[in-house]
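Please read the structure below before turning to the comments.
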Amino acid sequence: MEEKIEQIAGWLMTTERWVVFTGAGLSTESGIPDFRSPGGLWDRYNPQDFDFQNFISSQASRVKYWEMATEMYEPMKQAQPNLAHLAIAEMERLGKLDCIITQNIDGLHFKAGNSAEKVIEIHGTAMHVSCLHCQKRYNRDAIQARIKEGVKAPTCDDCGGPLKPATISFGQPMPEMETQEAYSRSSRCDLFMVIGSSLVVHPAASMPLIAKQSGAKLLIINRDPTPYDDMADIVIHGQAGPTMGNILKKLKQG
Ligand code: APR
């Protein structure tokens, strides 16, 4: 492990354009369960019940969606950045971080101190709510207050359309600008670091491949094996927090 940490720190010193790609595994040490680990969200819920087609086609599905989303939102709202988030914020201050491509909807990169222009949220955010008809935007807490008062599936004050957290559900179109930006940044970086993702959900999971095929060093830090481990230059199967803490320490020792 020590050798790998040294190697990674060495590559961070000799490369100029870093892209960090993050998934739910980055935030488990902040108390937010991931999706596919034992005890994860999809261990407790059937993801098919929450796809976009269901949401737009039935009131019952919207009610079920808001129950799940409300259960997920509370730990997210309380969560604080962990060592790994803080290490990524430090990477930005070191001046070579091109961007963070995150699948996470918890907003913890911002809480950790990364600047808005560096973070690409390709699966949207849970921190605000939008109307699916007129795109009117609502503060998440304001809508959660309506849920507490008994509203089962909130609707828009202006057009009556269904409201949904501004996250990207299965079957929902990806945010075009963010996805294009993430593709082009992945193809232009010289070091691509994956932290805490199972790399099974596309198109997001194709970005490490694009980076590798464009000549970048590919590093994967994930507790469990991923489908891309074989093509990575370095793989660490470990906890994101302590691993990133050690990498930054080594990097700063120079
Ligand atoms: N440190 C390192 N890795 C961790 C940690 C940790 N503390 N905790 C969990 N992991 C790893 C798990 O081993 C798992 O492989 O993080 C990975 C998380 O994988 P998923 O739960 O599949 O999350 P993610 O890859 O972000 O999912 C992608 O799927 O459900 C959709 O839209 C959702 O954005 C999400 C997408």
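Ligands are counted one by one from 1 in listed order, and the atoms in each one are counted from 1 as well.
Centroid-to-centroid, the aromatic rings of Tyr45 and Phe50 come within less than 6.0 Å.
Of the possible donor and acceptor atoms, one in the side chain of Ser57 sits under 3.5 Å from a partner among the backbone N and O of Asn54.
Applying the side chain to side chain donor-acceptor pair (under 3.5 Å) test to residues at least two apart or on different chains, the pairs with a partner in residues 201-219 are Lys212-Asp233. Annotation: salt bridge (charged side-chain N to carboxylate O under 4.0 Å, His left out) contacts involving residues 72-84, sequence neighbours excluded, comprise Lys77-Asp141.
In this structure, the ring-ring contact (aromatic ring centres under 6.0 Å, His included) partners of Tyr65, at least two apart in sequence or on a different chain, are Phe55.
Near ligand 1, residues Gly23, Ala24, Gly25, Thr28, Glu29, Asp34, Phe35, Arg36, Ser37, Trp42, Gln103, His123, Phe170, Gly196, Ser197, Ser198, Val201, Asn222, Arg223, Asp224, Gly238, Gln239, Ala240 come within 4.0 angstrom through at least one heavy atom.
Under a cut-off of 6.0 angstrom, the local environment of NZ in Lys64 is sparse, with at most 12 non-hydrogen atoms contributed by other residues, nucleotides or ligands.
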